[in-house]
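Below is one structure; the comments refer to it alone.
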Amino acid sequence: MSSLQNVPCPFCGLGCDDLMLHARGAAFTVVSGACPRSLAGFARAFDKPDARVRGQPASTASALAEAVTVLGGARQPIFTGLATDVAGVRSVLALARQCDGMLDHLHGAGGLQGVLALQSSGGMTTTLAEVRNRADLVILVGSSGEDVAPRFRERVLSHPRHEHAGTSPRRVFVLGPQGLPADADSDPAVEWRHLACTAADLPYAVGALRCLVDGRSLDPRAGENLPMDGLGALAARIPEASYGAIVWGGELIPGGHGDLLLEAIQTLLQDLNAESRWGGLAIGGGEGGATMEEACTWNTGYAGRIRFRSGEAIYEPRLLDAARMLERGEADCMVWVGGLEGDHSPPAPDVPSIVLAPPDVPLGREPEVYLPVGIPGIDHSGTGVRCDHVVSLPLRQLRKDGPPPASQMLDRINEGLGGRGVSAC
Amino acid sequence: MLTLLKAGRVYDPVQGIDGEVRDIWFRDGRIVAEPGSGTVADETVDVSGSIVMAGGIDLHSHVGGGKVNIARTLLPPALRAEVEERLRGPVPTAWETGYEYARMGYTACFEPALLPVNARLAHQEMADIPMMDKGGYAMLGNDDYLLGLLAAGTDQARVNDYVAWMLRATRCLAIKVVNPGGISAFKFNQRRMDVDESHPHYGVTPRQILVALSRAVHELGVPKPLHVHASNLGVPGNMNTTLETMAAVEGLPVHITHIQFHSYGTEGDRGFSSGAAPIAEFVNANSNVSVDVGQVMFGQTCTISADTMMQYLGHPYGSPKRWLCADLECEAGCGVVPFKYRDQSFVNALQWSVGLELFLGVNDPWRIVLTTDHPNGASFTSYPHLIRLLMDRSFRNERLDTLHPEARAASHLASMNREYSLYEIAIVTRAGPARLLGLEDRGNLAPGAAADIAVYTPREDWELTFRDATLMFKDGRLVVRDGQVVDLTWGSTHWRQTDYDAGIERLLDDHFQRHYSMNVANYPVRDEDIEGDGRGRLVAHACRRQN
């Protein structure tokens, strides 16, 4: 049985690259470095898939021709999913520019909350290796870590710190509705503490913590639903930390203004650094979210949620919500660009749609055009960006004869529309 | 195809050509010798009366890497449009970067602060800069691995192996050190660090780091001298630190970058004065030292630096008030602080003056390079204005007269009569940086060189002349006409190749297992990461090993 070493995993923002895989037919078993997401992801294998036009098997060429017709007839197409690699982002930007399209990653506002907070206040940030080697105090906000990135605990929190950072157990506070790991009490590497509150109360809890840290008085009524004892204990630990980190996951407040909460966290971090060292770290960024933000920013100046008009990118971070626009008929065509969408399925809108996705992605309704594409890091090589936006993974092609990369299909649609195949954003 | 650029006034300092009327021939992307009589060019372009130079080369410009994206995010284009008359800078997209350099007749720009662990992504970002050749300088000297080696007293040979491995893994052209040891010290909550101060954990000093890295670069035969962003950036009185930094390398080649930000004294009522004269004097007396200036221009920009220690210290002066500092993967950091330089600010006006005093005070143009440390002092799009300030003394003095009066009084600038010649401009914008980088086929127009050629038409003033190239050829292809991009092409990524003892990989494997969040096997940049999308190619240059 052939085994593959040090395989990078494309499925979440943590970007583990220490996987050992065994090939099992066209699929792979993760024998070392596994987590539920990688086990499921690498086990996927496809029969030779056909493209489809309105549900009928079609040659790739005729499906591409139909995609050109559908997209060419649209006035307000929206590109979503966007769960792809750097090459895929380059290609989708070029195509969206060619047809005056709109773009919104499947994580939408939740994905952009970090960007919006930076555009308001800036921040202080850190990365996985810094937290692993230095942080003796970690505050997880709205996440237990594992719920967003299954191996965060193993790879970061439980890992010994650098010799200069001491050997005492790492203190980890989890603020939010998420419970602690089942074996938290017997964890020799981490001293866990849960500060329970609802997701909706997270902004109030962070505000209360800020008051406690600053030594300001707090109206007792404001703390009624908050774990004030725990927050007090946390506030007492903060000045003792030699290096602290605040960590959060994906969308902090479902359907709410996670960016405002994040701004409160970032300004707290900025101020804590007047006396000691702190950094913030997002561990979301999966499904190609961080990749999209990076490549889109260097190409257009914006991390996402843009529309193109006459070649110019227009930034509409609050308005440009793919799910809502498709629901309300504010877009007249949907293009789903997948490969790394994982458990997320394309919306099933009433407007003509073109879906580029691996063959096993469930579709709510049959799109006008379906083009099978491969999974970056399995079916083709590429680059994926990790949650900290600093490290990128050299995704590998692990098997042959799979569906093509999304970038190739997008470039061919673009050629059909008369585009140059490059994005002069 | 054989092309003839006929009868231009050629400025090619590498060949010693100073404005003589010459024909330039090129074929298949390369300059060729004038063919024998009777040979007819496939295309002849009459450039009589025009200035012909090699394509411009910017050896210090922040054009790639995560910090640039942070700057774009903090100052998005919509805001830039409010603060800038034109949508040129301060932090353009990759595409705008290529277009704006090209229209000024530049054909290469180099990212001087490439975080090694970010190399793959930085190269992919730079791969989206059209028209330009590019490359990066790998940042070392704040990474736990090197600091650990130095703390353990490891011999120089192993340091050299590590540096050589890094050059290959990151596909970089040179090595840079930023605030030696200081970025790491900041992670231990140390807020300042001078040349002989010890690191709070490793115990090593910036001086030791400078010596080890400059020796490594020299002994490995990397032509580009160690690129040094000295300690104490922006601090009044830092000229002494800079003098000590230049002396610390004990005569080995060293390049002090954006030296304007490191040339401040403490004289005067405000405790802030120009240290340009003693700095220039030192540079003039020590031929192992080269510098680039990092000229300040007035207006909105965004400062981008790996120097988290000093960027954090400076954030209260930022404008608008949103800024970010980051600790990065036990290798270095970055700090991004938007900044507006004001001509009625004493400090900013004096910074402007200090930069120009350095340009005029350093005698050997081969050892001083024209930069604004884009976008830190100003956008690179201000180069035509800067060239006019250097070439036109009366214009310079008129501008000086409008600045903060105390800054004017504190400046020696009015007494400096020097005006740069076109020949000197060709040195500080092309021939000099190419020589420092060791790129023999760039920055000149000799047969065999790349056909990267800029043609300028003399206009009312030098700023207008250099604003828009009349013609620009990249590798022989016409990409700019009358300041407009007329064709799209992709440049090359230059990197410096050398060998190393494979034993270093075993040591690094162990270090990565214990301290990195990725595997050493997945760290190096693959060729396909840069060339995969068909945008440009890698060009490996050999080292000239000394031992």
Side-chain angles (χ1 to χ4, degrees), chain A residues 5-6 8 15 17-18 86-87 90 115 118-130 132-134 155-156 160 162 164 242-243 270 273 275-277 279 293-295 297-303 313-315 381-383 385-386 388-394 407 420 422-425, chain B residues 64 66 68-70 72-74 76-80 91-96 99 115 117-118 120-121 124-125 128 130 144 186-189 201-202 312 315 318 321-331 336-337 488 514-522 524-526 528-529 532-533 535:
Chain A
Q5 309 278 350
N6 298 325
D17 71 334
D18 60 344
V86 169
R90 283 174 172 156
V115 170
L118 287 193
Q119 290 179 331
S120 191
S121 63
M124 290 286 298
T125 64
T126 187
T127 64
L128 292 173
E130 297 287 0
R132 165 165 142 160
N133 282 295
R134 293 180 191 283
R155 302 255 304 160
V156 177
H162 197 285
H164 62 62
S242 59
Y243 192 96
Q270 287 175 322
N273 275 283
E275 299 295 332
S276 59
R277 291 310 325 281
E293 285 183 22
E294 283 299 308
T297 303
W298 81 58
N299 273 302
T300 69
Y302 307 108
I314 300 163
Y315 182 46
S381 64
T383 300
V385 181
R386 218 170 66 176
D388 52 23
H389 291 247
V390 174
V391 175
S392 65
L393 295 177
S407 59
R420 297 211 282 182
V422 292
S423 158
C425 295
Chain B
V68 185
N69 261 355
I70 294 165
R72 292 183 182 116
T73 299
L74 293 179
L79 176 67
R80 282 196 267 142
V91 198
T93 65
W95 286 84
E96 291 166 340
Y99 276 61
L115 180 78
V117 76
N118 184 237
R120 183 182 349 269
L121 211 53
Q124 293 194 347
E125 176 177 354
D128 280 343
D144 279 325
F186 182 58
K187 295 175 187 175
F188 292 82
N189 207 24
H201 171 67
Y202 292 104
Y312 184 81
H315 80 78
K321 294 285 178 201
R322 48 175 179 266
W323 54 274
L324 180 137
C325 288
D327 298 323
L328 301 176
E329 285 297 276
C330 303
E331 288 192 346
V336 183
V337 183
L488 185 70
R514 287 188 294 130
H515 298 307
Y516 265 76
S517 59
M518 79 184 302
N519 222 292
V520 72
N522 289 315
V525 176
R526 304 170 296 187
E528 69 168 279
D529 294 332
D533 273 7
R535 299 181 178 186

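Chain A is the first sequence line, chain B the second, and so forth, proteins listed ahead of strands; every chain is numbered from 1.
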Measure the OH-CZ distance between A:Y302 and B:R72 for me, rounded to the nearest 0.5 Å.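 It comes to 12.5 Å.
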
Checking heavy atoms, do the side chain of [X], its backbone, both or neither come under 4.5 Å from chain B?
X	value
A:D388	side chain
A:R134	side chain
A:H162	both
A:Q5	neither
A:V156	neither

Look at [options] and state which one has the largest set of heavy-atom pairs under 4.5 Å with chain B.
options	value
A:S381, A:A303, A:A295, A:P160	A:S381
A:S407, A:A87, A:G279	A:A87
A:A313, A:S276, A:G382	A:S276

Return the option, out of [options], with the maximum number of heavy-atom pairs under 4.5 Å with chain A.
options	answer
B:A94, B:G64, B:C325	B:C325
B:F186, B:Y202, B:Y516	B:F186
B:C330, B:A326, B:G66	B:C330

Between [Y] and [X], does any NZ, NE, NH1 or NH2 come within less than 4.0 Å of an OD or OE carboxylate oxygen?
X	Y	result
B:R120	B:D529	yes
A:E130	A:R277	no
B:D533	B:R535	no

Checking the side chain of A:N133 only, and the main-chain atoms of B:H515 only, is there a donor and an acceptor separated by less than 3.5 Å?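 Yes, A:N133 side chain to B:H515 backbone: donor-acceptor pair under 3.5 Å.
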
Counting only non-hydrogen atoms closer than 4.5 Å, does [X] touch chain A with its backbone (N, CA, C, O), its side chain (CB onward), both, or neither?
X	result
B:H201	side chain
B:N189	both
B:V117	both

Could you check whether [Y] and [X], counting side-chain N and O atoms only, form a donor-acceptor pair closer than 3.5 Å?
X	Y	value
B:N519	A:D18	no
A:N299	B:W95	yes
A:T383	B:Q124	yes

Non-hydrogen atoms of B:D327 and A:Y243 that approach each other most closely: OD2-OH, 2.5 Å

